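A short worksheet on the structure shown next.
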Amino acid sequence: MERFYITTPIYYPNAEPHIGHAYTTIYADTLARYHRLKGDDTFFLTGTDEHGQKLQRAAEKRGIHPKELVDEMAEKYKYYWSLMDISYDRFIRTTDPDHEELVKEAVTRIYRKGLIYKASYAGHYCVDCEKFYSPGEYLEIDGKPYCPIHRKPLEWLEEETYYFKLSEFEDYLKKVLEDHVYPRSYAHEVLRKIEKEGLKDVSIARPKERVWWGIPLPFDPDYTIYVWFDALLNYLTGIKYREDPETFNKYWPVAHHVIGKDILWFHTAIWFSMLRALDIDPPRKVIVHAFLINRGLKIGKSAGNVVPIDYLVERYRGSDGIRYVLMRLFNPSKDVDYTQELFDSIYNSELADTYGNLVRRVGVLVKKKLGGRASSETIDAELEQAIHKAYEKYQESLDSYEVSPAIEAVMEMLRVANAYINREKPWEKNDPSRDLYSLLETVRAASIMLYPVTPRASTRLAEAFGYTIERLDDAQPVKGREYTVNEAPILFKKIV
Ligand code: ME8
């Protein structure tokens, strides 16, 4: 049996998730559901990144303890992910005791290897990114350094700290990066940065008097472990690296981290080096995607252009519409511009018209012309071929992490079926059993293949047309199946 381990970034719970977070999480969920459908032993991890100065400040602002804030916000994340039908296997929080133990142990091991040392540090810091920016990386506005992502002034920090010897891993990174990053262009981006700037050691601790909200550094309790060093290790905690080596060894070789391009450096240069320091192989793939933008800027709380999840769930009556549109537009390399018109038009033309309307017509005709029961010992060759073609393209795409082309393959099959019904006019025939059976096989195949993207609509259709969705293999056409159509559902109401 094949295996599959997939993760999302663990998000900062200083604010509620928005469609930018949903974009990543739905994509990871789609791949997780696809692999489960193939019968793979699958583990899907998501969660929240709860320590550090950003959370400490957010709590201070509200006059509450950070733990109170993250407890409240972690629940909100879970709420939104249930609204979006996210099928995670564990929701990890960096305040979970097993994670804190793992981080302490990992940092101690790296320290004992001589890869962590004390020295002083000075630099420009963005608290929203929890990251130092060097000249050339930051924006200058009126001669002052600004964060290129959040467009806020950077803070000057000067302090004694502990460094991780990232510089030791240059040769190693140059050897492994290309094979473990998808699309490869992102590996090249990292390699170019290393080539240009060299690999500088990174600070992995903060003085406790400035940042007290986090995991104490085991070998110097005056310091708190840097939030990124803590957070990245969640990918090991999630599959029980410490307590259960069997589970860990089962899933780690098939680890896939889905991330936005903003956190590429952390998930490649820093994470791969940390893993190497712990004698762990790199993940199978870091899958990177570009941003969802709105009015020219990356969607985010600081840009003030957030599109709330509730709004879209309400607009499309449930999770399927927004899941579909985001996956249809999903693009690893190019930013995707959010506009309501574009989202509505994809929803209307593909889900409501091409898919939903065909399902409705087929359902009504089977009930009217065949009393709700359909079977046939032969299938129309054109539709049979269209199903096979879609099935192949769909798998080929998803096996190489491409969601949009997989969906397009299913839509193409449905367009063939729409042309077929219009041409054959089964409503005019005395016995349209063969036509309708062929169409039923096509919409059944569509519902199975689209299940990872639109799980609700697929389940609804399967119930209405009397079959179950269990395995991807079942999407292939067969002859002589007995359909009992008990309802002609309207899967997607058109937005007018
Ligand atoms: O970076 N378009 O958390 P974060 C596309 N805690 N993706 C977007 C997006 C947008 N407009 N906005 C957010 C952190 N994302 C760390 C991660 S992991 C060990 C620690 C998604 O809350 C995208 O996946 O800032 C991005 O990388 C992530 O949210 C950043 O989430």
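Along the sequence shown, the residues carry numbers beginning at 1. The basis for the numbers below is simple: all heavy atoms, side chains too, and nothing from hydrogens, waters or symmetry mates. Numbering of ligands and ligand atoms starts at 1, following listing order. Predicted model only: the values in this text are computed from it and were never measured.
- Considering backbone and side-chain N/O of Leu292, one or more are found under 3.5 Å from N/O of ligand 1.
- No heavy atom of Lys261 sits closer than 4.0 Å to any atom of ligand 1.
- The part of Asp262 lying near ligand 1 is the side chain, judged by heavy-atom distances below 4.0 Å.
- In this structure, Lys78 is positioned above the aromatic face of Phe91, its NZ or CZ under 6.0 Å from the six-membered ring centre and within 45° of the axis.
- Using the six-membered ring where Trp is involved, Trp81 and Tyr77 have ring planes that are perpendicular, over 60° apart on the 30 and 60° scheme.
- By heavy-atom distance, the residue among Asp128, Val307, Thr8, Ile10 lying nearest atom 20 (C) of ligand 1 is Ile10.
- In Ile299, the parts holding a heavy atom less than 4.0 Å from any atom of ligand 1 are both the side chain and the backbone.
- Polar contact check, Tyr77 against ligand 1: no nitrogen or oxygen pair lies under 3.5 Å apart.
- Judged by the shortest distance from any of its heavy atoms, His267 lies inside the 4.0 Å radius around the atoms of ligand 1.
- For Ala231, no nitrogen or oxygen atom sits less than 3.5 Å from a nitrogen or oxygen atom of ligand 1, counting backbone and side chain alike.
- No heavy atom of Trp271 sits closer than 4.0 Å to any atom of ligand 1.
- Under 4.0 angstrom from ligand 1, there are no non-hydrogen atoms of Phe266.
- By the 3.5 Å distance cut-off applied to N or O atoms, Tyr235 is not counted among the residues near ligand 1.
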